[in-house]
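Working notes for the structure below.
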2 protein chains.
Amino acid sequence: MSRAMFSTSYSAAKAPNGGAQGLLSGERQAANVCAAILAEDIGYMTKIAVSQHFSAGQTLLNEGEPASRFAIIGEGAVKIYKLMLDGRRQITGFLFAGDLLGLTFAPDYSYSAEALGEVRLHRLPRQQFERLLDERPAMARHFLALASTELAAAQTQMVLLGRKSADEKIASFVLMLSDRELSRDRNGRTIDLPMTRTDIADYLGLTTETVSRTFTRLKNRGWIALETAGLITILDRDALANLAEGGDMPETGGRVFASPGFGARPILRSSHRHEVRAA
Amino acid sequence: MSRAMFSTSYSAAKAPNGGAQGLLSGERQAANVCAAILAEDIGYMTKIAVSQHFSAGQTLLNEGEPASRFAIIGEGAVKIYKLMLDGRRQITGFLFAGDLLGLTFAPDYSYSAEALGEVRLHRLPRQQFERLLDERPAMARHFLALASTELAAAQTQMVLLGRKSADEKIASFVLMLSDRELSRDRNGRTIDLPMTRTDIADYLGLTTETVSRTFTRLKNRGWIALETAGLITILDRDALANLAEGGDMPETGGRVFASPGFGARPILRSSHRHEVRAA
DNA sequence: CGCACCTTTGAATTGTGTCAATAGCAGTGG
DNA sequence: CCACTGCTATTGACACAATTCAAAGGTGCG
């Protein structure tokens with residue numbers, strides 16, 4: 001569902017089903033074919049690229065530097081971010097294996113990237129990448145579709161940053177990572193957090209303290225379990241999903257165990273709400 | 001500098017110089033050539049598209065609906081937004097003449113769009129648009145570059161939403177619109193606001209009241225003038241720019257007239273700041 | 001000139017940031 | 001194996017920026 005800025009895994013298109021229909025719609029199938037071709041392109045690029053290794057904390061690229069290389073993440077996790085002049089930081093995305101890094105047509109990188117742990121990168125000189133785009137006309141289209149997906153994800157993140165409360169942000173974040181796991185291998189119930197609380201805070205527009213407090217609150221509510229600081233378990237996915245989307249607050253709805261008088265009230269009063277289309 | 005989601009005016013590439021160097025760098029020139037070709041593509045599309053008229057408040061497209069058509073804005077201003085289940089709204093961008101609307105490769109639109117005033121749209125069936133991409137291999141690349149620019153703009157907006165104070169948000173917003181004007185015709189000192197305070201609030205992650213109060217504050221500080229609610233004048237661009245980027249707070253820096261004890265203190269304490277690369 | 005909507009201003013409330021201190025955990029070295 | 005060091009995470013107390021509630025101007029239009 002998420003990922004980030006020009007970087008979404010090429011497998012994003014064949015992501016979690018979301019709904020529960022058994023069969024894929026024609027459109028979905030088409031998307032999968034597309035993703036498969038793109039995967040092929042990326043597989044090829046990975047082969048001709050130069051493999052490079054990085055350790056936790058190492059800078060992979062810096063905002064403002066000439067965008068001379070393009071990379072595919074082979075292994076590990078990466079954070080990309082922008083800094084304000086006074087040092088305030090906004091992490092615009094976390095990238096994982098298969099995601100693209102540093103794709104741009106501007107002269108310089110528009111963000112910085114840092115390894116969250118051990119990272120393997122497959123790097124390609126920009127010129128070579130652009131040559132590939134020329135040689136394979138279909139490739140540009142695939143990347144365009146990818147960018148389109150990225151853009152939609154960015155908009156979703158804007159909703160989170162601009163309109164969600166701390167609780168809703170954390171719930172959304174947890175579900176986001178969970179969906180990621182689901183789309184790959186695991187069951188999506190146990191989630192690994194390769195990033196620090198500060199990273200999470202800078203991604204969600206909060207502070208470390210608030211992130212910590214909010215995790216604790218969700219834990220006390222019985223919705224998640226904190227195995228260790230870097231490993232959590234989802235105990236009540238429905239409750240989290242409801243919270244994340246700002247659905248009608250726990251009116252003891254579908255779920256049985258009434259959510260204990262939980263006041264995660266929305267940020268905006270009713271007069272600030274807009275009419276929701278009947279659709 | 002901004003614009004938004006898959007929609008940036010194709011003239012964005014030849015945007016305001018920003019710096020003050022007299023000559024364009026080679027890279028910039030290349031970008032201009034690129035933009036020119038893209039403009040040609042778009043000009044062609046406009047010709048074969050169907051022109052359609054809308055009035056203020058009319059919905060141009062709805063989030064979740066099948067993305068059947070693609071459009072170029074011929075005239076007028078448009079807001080695109082996403083709604084939460086409870087009606088909270090996040091406007092992810094304002095679009096103007098020349099901007100693209102509804103470009104996606106997903107089955108459905110990921111956002112809604114509404115006319116801010118009288119709007120003329122040049123619409124193209126999605127299939128026809130995709131056929132064009134096939135016929136003109138270079139076109140996909142141009143749109144890819146465009147999307148890349150959009151993505152960078154989206155990240156910039158995330159910094160605003162996640163890390164800026166109300167004052168900084170408004171200052172950034174005003175400058176953003178000013179830069180837009182600059183890149184076209186006017187001097188960029190007088191700025192037209194075709195959107196309401198509520199729209200601005202939903203774009204910046206604030207409430208109407210806060211937007212109003214903040215405009216008043218900037219006015220009292222002598223940095224802007226409010227001719228009418230929909231027309232403002234920039235009186236001190238440097239002060240606004242400094243505020244917008246979170247530069248060192250008014251320590252009576254370069255500017256002469258000391259900013260009256262202004263406490264627009266940053267959102268994060270020093271221990272929450274990150275080291276800024278010497279670059 | 002009166003309705004409808006938008007904007008501005010005031011007063012009170014509160015979610016989240018700030019400051020401060022303690023707890024947890026990994027790695028190092030004696 | 002344990003003390004020591006350096007981080008990161010958690011928790012508490014308090015402050016404040018921005019929201020909520022409320023009401024008074026403005027402005028445009030039929």
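Naming: A, B, ... by sequence-line order, numbering from 1 per chain.
Checking the phosphate oxygens (OP1, OP2) of D:dT8, no side-chain nitrogen or oxygen of A:Thr196 falls inside 4.0 Å. Contact annotation: B:Thr216 reaches the phosphate of C:dT9 (side-chain N/O to OP1 or OP2, under 4.0 Å). Between D:dA9 and A:Ser212, no contact under 4.0 Å exists linking OP1 or OP2 to a side-chain N or O. B:Thr210 has a side-chain polar atom (N or O) that falls below the 4.0 Å cut-off from OP1 or OP2 of D:dT19. Note on B:Thr207: every side-chain N or O is 4.0 Å or more away from OP1 and OP2 of D:dA18.
At least one side-chain heavy atom of B:Glu245 sits less than 4.5 Å from a side-chain heavy atom of B:Lys164. With a 4.5 Å cut-off on side-chain heavy atoms, A:Asp202 and A:Lys79 do not count as touching. With a 4.5 Å cut-off on side-chain heavy atoms, A:His53 and A:Glu118 count as touching.
Computed from coordinates, the B:Arg213 CZ to D:dT19 C1' distance equals 8 Å when rounded to whole Å. Between the CG atom of B:Leu206 and the C1' atom of C:dT7 there is a distance of 16 Å, rounded to whole Å. Regarding A:Arg197, its CZ atom lies at a distance of 18 Å from the C1' atom of C:dT16, rounded to whole Å. Rounded to a whole Å, the CG atom of B:Asp202 is 11 Å from the P atom of D:dT19. Rounded to a whole Å, the CG atom of B:Leu226 is 14 Å from the P atom of D:dG26. Between the NZ atom of B:Lys169 and the P atom of D:dA17 there is a distance of 14 Å, rounded to whole Å. For the pair B:Asp167 CG and D:dT19 P, the interatomic distance rounds to 12 Å; values are reported in whole Å. Distance B:Leu231 CG to D:dG26 P: 19 Å, rounded to the nearest Å.
Considering every non-hydrogen atom in both B:Arg163 and A:Arg88, the closest pair reads O-NH1, 2.9 Å.
Residue B:Tyr109 holds its OH atom at 5.5 Å from CG of B:Leu61, rounded to the nearest 0.5 Å.
Residue B:Gly205 is in sugar-phosphate contact alone, with no base atom involved, counting any heavy-atom pair closer than 4.0 Å across all strands shown.
Side-chain proximity of A:Glu209 to C:dT8, C:dT16, D:dT11: nearest is D:dT11.
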